[in-house]
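Everything below concerns the one structure shown next.
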Amino acid sequence: MTMAPFTIRSEADTETFGRALAGGLRPGDVVGLCGDLGAGKTFLSGAIARAIGVPASTPVTSPTFTLINEYPGGRMPVYHMDLYRLGSPHDLYELGLWEYYGGDGVCLVEWCDRFSDLWPDDALVLTIALGTGETRTISAAGQGRGAELVTFLQSAFHS
Amino acid sequence: MAAGMRVLGIESSCDETAASVIDGNRVLSDCIASQVDVHCAYGGVVPELASRRHIVSVLPVIATALSEAGVTLDDIDGIAATAGPGLLGSLVIGLQAAKTIAMAKKVPFVGVNHLRGHLLAARLLDNTGTPIPEFPYMALLASGGHTAIYHVRNWNDIECLGQTRDDAAGEAFDKVAKLLGLGYPGGPVIDRMAAQEGEMEEFPTAFRQRDNYEFSFSGVKTAVAQRVAQMGRPSREQVDAIVRGFQKSVVDILVRKVVMAARSRQVDRVVLAGGVAANDGLRRHAAEVCATKDLQLFAPPKKRCTDNASMIALAGLLALQAGERSAMDLAPRANWPL
């Protein structure tokens with residue numbers, strides 16, 4: 001497991017972080033986003049999606065109620081998912097989340113720490129810790145492809 | 001609207017399985033197999049259960065809607081079902097039921113946009129005597145999954161002026177209720193608690209500038225999370241003050257934007273739609289503001305604000321009357337902006 005912390009001082013830093021990560025993402029990648037209510041998971045998802053080229057006319061909104069949002073129009077499709085409301089591992093099968101992993105686009109999965117034992121082994125997991133004001137710490141962790149992305153972030157992101 | 005066309009509507013886009021029969025725009029029956037009890041156990045909607053429940057509920061709900069309307073399938077002139085936006089696994093069940101009945105009874109079938117249904121719900125006639133709006137009107141649609149302002153010029157001429165950039169208003173209610181340990185669903189609890197006078201925390205609202213019809217509710221949610229973290233274990237009085245301030249912040253911006261849109265487009269009718277429109281604080285504040293601005297407010301009965309099948313039947317009836325038909329291979333759409 002490769003891990004690294006990143007310090008975020010402002011919303012602009014979050015956008016820079018999203019842009020840096022997007023530069024290394026390719027179809028099939030899975031990025032999990034964890035952190036408490038209000039940590040900024042949807043905001044970071046938006047920053048990544050925009051950097052992939054999802055046009056501003058497509059709102060990147062919380063998938064909590066919709067469960068899966070699909071955003072076309074970038075250099076690859078972005079699948080934005082949310083496990084917040086899921087009650088059991090069966091829900092994951094019911095939703096067909098597996099069909100998106102390793103597919104033609106990148107999967108951004110909020111509340112990925114629910115059912116973490118069912119998580120793909122080589123995902124990149126970003127855990128956002130709420131500081132004061134706009135300050136956040138993002139811990140990036142992963143193995144395999146996820147570890148590659150952690151290393152990529154270390155060279156690509158400078159706040 | 002001419003009576004005489006009877007339409008069966010079926011709704012299964014998210015939590016509720018519902019069926020309704022209307023005659024013209026008059027509601028003959030409006031049935032919902034409510035799943036709220038099942039969801040309470042988990043503090044949220046459980047899609048797997050919801051999906052399974054749709055399968056179990058759809059035929060009994062249709063049968064109940066028909067019998068409450070005093071009709072049989074032989075009396076139905078057309079069938080409408082929600083085709084999106086929503087959860088594919090749930091949508092497909094209502095759609096399949098609708099197609100099967102339409103094919104067996106040889107009546108026309110049309111797939112309906114759930115959001116269009118919400119926006120037309122205020123035009124349904126029932127025995128409550130609630131007045132219904134003529135076109136055009138400005139509508140605020142606020143629910144768990146959507147928050148937007150629509151200029152409704154006619155049933156099929158609808159323009160979205162702006163929508164949320166992050167969380168929906170209803171989602172903000174649920175998540176703030178969760179942060180404060182108030183239970184699910186959050187909207188009714190917060191609405192009830194906020195109705196008591198008292199101390200109030202101040203919370204920010206986003207996009208307050210003129211001619212901006214976008215919303216953002218993630219800022220206020222984060223502000224509540226940070227406030228709770230500062231307090232450690234907030235007292236009953238502190239929770240009450242947060243609840244009042246949160247409700248005021250959300251209600252103010254929702255009403256402000258729809259009123260601003262109506263005035264800017266010179267539309268003198270304002271319509272509330274979606275589950276958040278069942279919030280009493282919102283209805284009261286909208287009525288006060290509309291009265292001072294010479295706008296006529298239409299707040300449909302609460303059961304027509306939350307997800308229901310009458311609104312799907314009405315949107316379907318208008319489409320069918322205009323000659324629209326959907327093919328039997330119509331697929332559900334997870335995303336379907338108006």
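So you know, we letter chains A, B, ... as the sequences are listed, proteins then strands, and number each from 1.
Using modelled atom types, one finds no donor on one side chain facing an acceptor on the other under 3.5 Å when comparing A/D13 with A/T16. If you check the side chains of B/S13 and B/E11, you find a donor sitting under 3.5 Å from an acceptor. Remark: the A/S62 side chain and the A/K41 side chain contain no N/O donor-acceptor pair separated by less than 3.5 Å. A/Y101 and A/D122 form no side-chain donor-acceptor contact under 3.5 Å, judged by distance and modelled atom types alone. In summary, the side chains of B/N308 and B/E16 do not present any donor paired with an acceptor at a separation below 3.5 Å, with no hydrogens or angles considered.
With a 4.5 Å cut-off on non-hydrogen atoms, B/S218 does not touch chain A at all. Only the backbone of A/T132 comes within contact range of chain B, with heavy atoms under 4.5 Å apart. Looking at A/L130, only its side chain comes within 4.5 Å of chain B, counting heavy atoms on both sides. Residue B/N335 touches chain A through its side chain alone, counting heavy-atom pairs closer than 4.5 Å. With a 4.5 Å cut-off on non-hydrogen atoms, B/Q163 touches chain A through its side chain but not through its backbone.
Ranking A/V60, A/T61, A/D36 against chain B, the residue ahead of the rest is A/T61, based on heavy-atom pairs under 4.5 Å. Ranked by non-hydrogen atom pairs under 4.5 Å with chain A, the options B/V224, B/V220, B/L179 are led by B/L179. Contact count against chain B (heavy-atom pairs under 4.5 Å) is highest for A/L37 among A/N69, A/L37, A/T42.
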**Request:** Check the pair A/E110, A/H80 against side-chain contact (heavy atoms from CB on, under 4.5 Å), reporting the backbone distance first and the verdict last.
**Result:** CA-CA 8 Å; A/E110 298 197 25; A/H80 188 193; 2.7 Å; yes

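A/R19 places none of its side-chain heavy atoms less than 4.5 Å from the side chain of A/I48.
Remark: A/R114 fails to qualify as a cation-pi partner of A/Y84 under the 6.0 Å distance and 45° angle criteria applied to the six-membered ring. Both tests do not hold together for B/K178 against B/Y184: distance to the six-membered ring centre under 6.0 Å, angle to the ring axis within 45°.
Using cut-offs of 30° and 60° for the angle between ring planes, the B/H146 and B/H114 rings count as tilted.
For residues 140-154 of chain A, heavy-atom neighbours of chain B at less than 4.5 Å comprise no residues at all.
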